[in-house]
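No experiment lies behind these values; they were computed from the predicted model shown.
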Amino acid sequence: EAQLVESGGGLVQAGGSLRLSCAASGFTFEHYAIGWFRQAPGMERVGVSCIDTNDHSTDYADSVKGRFTISSDNAENTVYLQMNSLKPEDTAVYYCASVPDPYCADGWATGLIGFWGQGTQVTVSS
């Protein structure tokens, strides 16, 4: 069974850091890109970052560029999201998802998604 499991969320003060993990199992990791999304209360789910697990090319939402870094450990079938300089507006449930071909091309965040993880809560206090 294909599965994505997020971990690493928590409560942090503004300016702090967290690293989220997305562990994949039950499917061929390199057949998908992995995207991170977030959903704040009362808001739509939006794309944050994406990584092509083949060539490790990446894409970031403007709101997180320069603060968040996505990476992939293909040996461990795990994608990470390093989040630095966190702001209260980063508070949300963070989800990872499998992103099929054309992977992290323009529009990936609103295109077809394979399957989702269960999410992990990130809360940034001011």
Side-chain angles (χ1 to χ4, degrees):
E1 178 187 1
Q3 193 173 18
L4 294 170
V5 178
E6 303 95 335
S7 61
L11 173 64
V12 64
Q13 288 188 329
S17 298
L18 284 173
R19 189 176 79 156
L20 305 184
S21 299
C22 173
S25 61
F27 65 98
T28 303
F29 192 61
E30 291 80 5
H31 285 182
Y32 293 90
I34 299 294
W36 282 99
F37 295 75
R38 67 186 182 188
Q39 186 168 21
M43 306 291 284
E44 292 187 353
R45 193 176 302 187
V46 296
V48 174
S49 184
C50 182
I51 186 165
D52 183 325
T53 56
N54 288 288
D55 64 14
H56 293 243
S57 59
T58 59
D59 188 62
Y60 295 92
D62 288 343
S63 59
V64 306
K65 280 180 181 176
R67 301 188 298 122
F68 290 11
T69 303
I70 192 169
S71 61
S72 174
D73 183 340
N74 287 29
E76 297 294 329
N77 285 1
T78 300
V79 168
Y80 301 98
L81 186 68
Q82 178 67 43
M83 306 186 296
N84 298 330
S85 302
L86 283 162
K87 304 175 182 180
E89 51 264 43
D90 294 319
T91 295
V93 178
Y94 283 71
Y95 301 87
C96 63
S98 62
V99 182
D101 191 8
Y103 307 130
C104 302
D106 285 349
W108 66 268
T110 55
L112 183 66
I113 297 296
F115 39 90
W116 296 90
Q118 83 288 350
T120 185
Q121 176 70 47
V122 171
T123 303
V124 184
S125 63
S126 57

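- W108 and Y60 are not part of a single hydrophobic cluster, where members link through side-chain heavy atoms under 4.5 Å apart.
- Residues F115 and L4 come closest through the heavy atom pair O-CD1, 3.5 Å.
- S21 has its side chain out of reach of E76: every pair of non-hydrogen atoms, C-beta onward, lies at least 4.5 Å apart.
- By the 6.0 Å and 45° rule, R45 does not stack over the aromatic ring of F37.
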Quiz item: Are F68 and L86 close enough, and set up right, to give a side chain to side chain contact (heavy atoms under 4.5 Å, CB included), and what steps lead you there?
Solution: CA-CA 9 Å; F68 290 11; L86 283 162; 3.8 Å; yes
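- Under the 4.5 Å side-chain contact rule for hydrophobic residues, I51 and Y94 share a cluster.
- For S72 against H56, the heavy-atom pair with the smallest separation is O-CE1, 3.4 Å.
- How far CE of M83 is from CZ of R67: 9.5 Å, rounded to the nearest 0.5 Å.
- Within the model, atoms CG of D55 and OH of Y103 stand 9.5 Å from one another, a figure rounded to the nearest 0.5 Å.
- Counting heavy atoms from C-beta outward, V12 and T123 have side chains that stay 4.5 Å or more apart.
- Within the 3.5 Å criterion, the main-chain N or O of E6 finds a donor-acceptor partner in the side chain of Q118.
- Checked for salt-bridge contact, D90 and K87 miss the test: no charged N lies under 4.0 Å from a carboxylate O.
- Heavy-atom contacts from other residues, nucleotides or ligands closer than 6.0 Å to CG of D106 number 12 or fewer.
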Quiz item: Going through the checks in order, is the side chain to side chain contact (heavy atoms under 4.5 Å, CB included) test met by Q121 and T91?
Solution: CA-CA 8 Å; Q121 176 70 47; T91 295; 4.1 Å; yes
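- Tested against Y80 for a side chain to side chain contact (heavy atoms under 4.5 Å, CB included), the candidates L20, T69, D73, I70 yield a single pass: D73.
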For a quick test of your reading: what N or O donor-acceptor pairs under 3.5 Å do the side chains of residues 24-35 make, sequence neighbours left out?
from : atom 1 : to  : atom 2 : distance (Å)
E30  : OE2    : N74 : ND2    : 3.4

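- Side-chain contact check for W36 versus V79: some heavy-atom pair is nearer than 4.5 Å.
- The disulfide (SG to SG under 2.5 Å) pairs that include a residue from residues 80-126 are C22-C96, C50-C104, where partners are two or more places apart or lie in different chains.
- The two atoms that bring Y95 and G117 nearest to each other are CD2-O, 3.7 Å, heavy atoms only.
- Of all the heavy atoms in A14 and S126, the pair that sits closest is CB-CA, 4.3 Å.
- Closest approach of G119 and V93 over heavy atoms only: CA-CG1, 3.9 Å.
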